[in-house]
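Quick caveat, the model's predicted, so the values are computed rather than measured. Just so you know, these numbers use all the heavy atoms, side chains as well, and skip hydrogens, waters and symmetry mates.
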Amino acid sequence: MSLIGTDTLRFSNTFKHIYEPSLSFCFERVTINETAARTMPIGTVLGVITANGKYRRVEATASDGSQTAAGVLAQDLTVAANTDAQAIVCVRGPAIVSKAVLSFGASVDTAGELNAAYAQLASRNILVNDTV
């Protein structure tokens, strides 16, 4: 069978429920700063750097605060190394996100680390569910 076409993730693939979308209650524009240039898809789980309040992709090996899940990226984003970029992030709920499309840093690779990240998001009332 040949491939007919592909599609990228959409907002509705990631965010299954958000409180009062017209008010943007769950979302904030935040500053993201990565140490290496990268492209992050919608659904990337982010943590907050304690020293400066900027967001970065969650890594289990981090020790700057970004090891704790604090939000979910609501758009695709390309970031240059050590350069600030603005993005829309779901930072509070009530919200439900699809577990299947969440993206983490490479060091978040065990079931325990994933479950810890899901619990950290749940503490912000962002629930991670298996969805269809």
Side-chain angles (χ1 to χ4, degrees):
M1 181 158 84
S2 61
L3 180 66
I4 295 174
T6 59
D7 198 2
T8 58
L9 288 177
R10 297 174 191 259
F11 187 87
S12 61
N13 293 112
T14 304
F15 297 95
K16 297 303 184 177
H17 171 79
I18 51 177
Y19 173 75
E20 195 55 60
S22 63
L23 298 177
S24 298
F25 176 80
C26 300
F27 298 94
E28 288 183 10
R29 179 176 298 278
V30 303
T31 301
I32 296 178
N33 189 293
E34 292 284 332
T35 56
R38 66 176 31 101
T39 298
M40 296 185 289
I42 185 173
T44 300
V45 179
L46 304 170
V48 180
I49 303 166
T50 307
N52 59 20
K54 296 177 183 178
Y55 284 67
R56 178 174 288 164
R57 188 174 63 163
V58 164
E59 292 285 359
T61 55
S63 60
D64 61 1
S66 65
Q67 70 276 11
T68 304
V72 179
L73 188 63
Q75 64 185 80
D76 293 331
L77 182 68
T78 300
V79 181
N82 298 309
T83 303
D84 290 350
Q86 298 291 306
I88 302 298
V89 174
C90 179
V91 295
R92 72 182 68 80
I96 298 173
V97 295
S98 174
K99 184 185 292 185
V101 300
L102 293 183
S103 174
F104 297 87
S107 66
V108 182
D109 57 359
T110 67
E113 291 165 347
L114 290 169
N115 288 333
Y118 301 151
Q120 292 158 359
L121 288 172
S123 73
R124 293 174 166 265
N125 211 9
I126 302 170
L127 305 179
V128 179
N129 286 354
D130 293 318
T131 56
V132 178

Should V108 and V97 be counted in the same cluster of Ile, Leu, Val, Met, Phe, Trp and Tyr side chains packed under 4.5 Å apart?
yes
Qualifying residues under salt bridge (Lys or Arg N to Asp or Glu O under 4.0 Å), relative to E59, sequence neighbours excluded
R57
Residue list, salt bridge (Lys or Arg N to Asp or Glu O under 4.0 Å) with R56, at least two apart or on another chain:
D64
Excluding sequence neighbours, so at least two apart, what forms side-chain hydrogen bond (donor to acceptor under 3.5 Å, both in side chains) with E28?
R92
Assess whether side-chain contact (heavy atoms from CB on, under 4.5 Å) is satisfied between V72 and F15, documenting all intermediate values.
CA-CA 9 Å; V72 179; F15 297 95; 3.9 Å; yes
One should read off an interatomic distance between I32 CD1 and I49 CD1, to the nearest 0.5 angstrom, of 10.0 Å
Distance from N125 atom CG to C26 atom SG, nearest 0.5 Å?
8.5 Å
Transitively linked via ILVMFWY side-chain contacts under 4.5 Å: V101 with F104?
yes
Considering non-hydrogen atoms only, spot the tightest contact between K16 and S98 and give its length.
CE-CB, 4.1 Å
Verdict with supporting geometry, I18 and F27, side-chain contact (heavy atoms from CB on, under 4.5 Å):
CA-CA 9 Å; I18 51 177; F27 298 94; 3.5 Å; yes
Those residues at least two apart in sequence (or on a different chain) that pass ring pair (Phe, Tyr, Trp, His ring centres under 6.0 Å) with Y118 are none
Solution key, residues 81-90 side-chain donor-acceptor pairs under 3.5 Å, sequence neighbours excluded:
| unit_1 | atom_1 | unit_2 | atom_2 | d |
| --- | --- | --- | --- | --- |
| T83 | OG1 | A81 | O | 3.0 |
| D84 | OD1 | N33 | ND2 | 2.7 |
| D84 | OD1 | K54 | NZ | 3.1 |
| D84 | OD2 | K54 | NZ | 2.9 |
| Q86 | NE2 | T31 | OG1 | 2.8 |

Check S107 against A60 and note the closest heavy-atom contact, atom names and distance.
OG-N, 2.8 Å
Would L114 end up clustered with L127 when hydrophobic side chains under 4.5 Å apart are linked, directly or stepwise?
no
Please tell me whether V128 and V58 are part of a single hydrophobic cluster in this structure, the criterion being side-chain heavy atoms less than 4.5 Å apart.
yes
Tell me which donor-acceptor pairs under 3.5 Å the side chains of residues 35-47 have, and how far apart each pair is, sequence neighbours excluded?
| unit_1 | atom_1 | unit_2 | atom_2 | d |
| --- | --- | --- | --- | --- |
| R38 | NH1 | E34 | OE1 | 2.4 |
| T39 | OG1 | T78 | OG1 | 3.3 |
| T44 | OG1 | P41 | O | 2.7 |

Under a 3.5 Å distance rule, please check whether T110 uses its side chain to pair with a backbone N or O of E113 as donor and acceptor.
yes
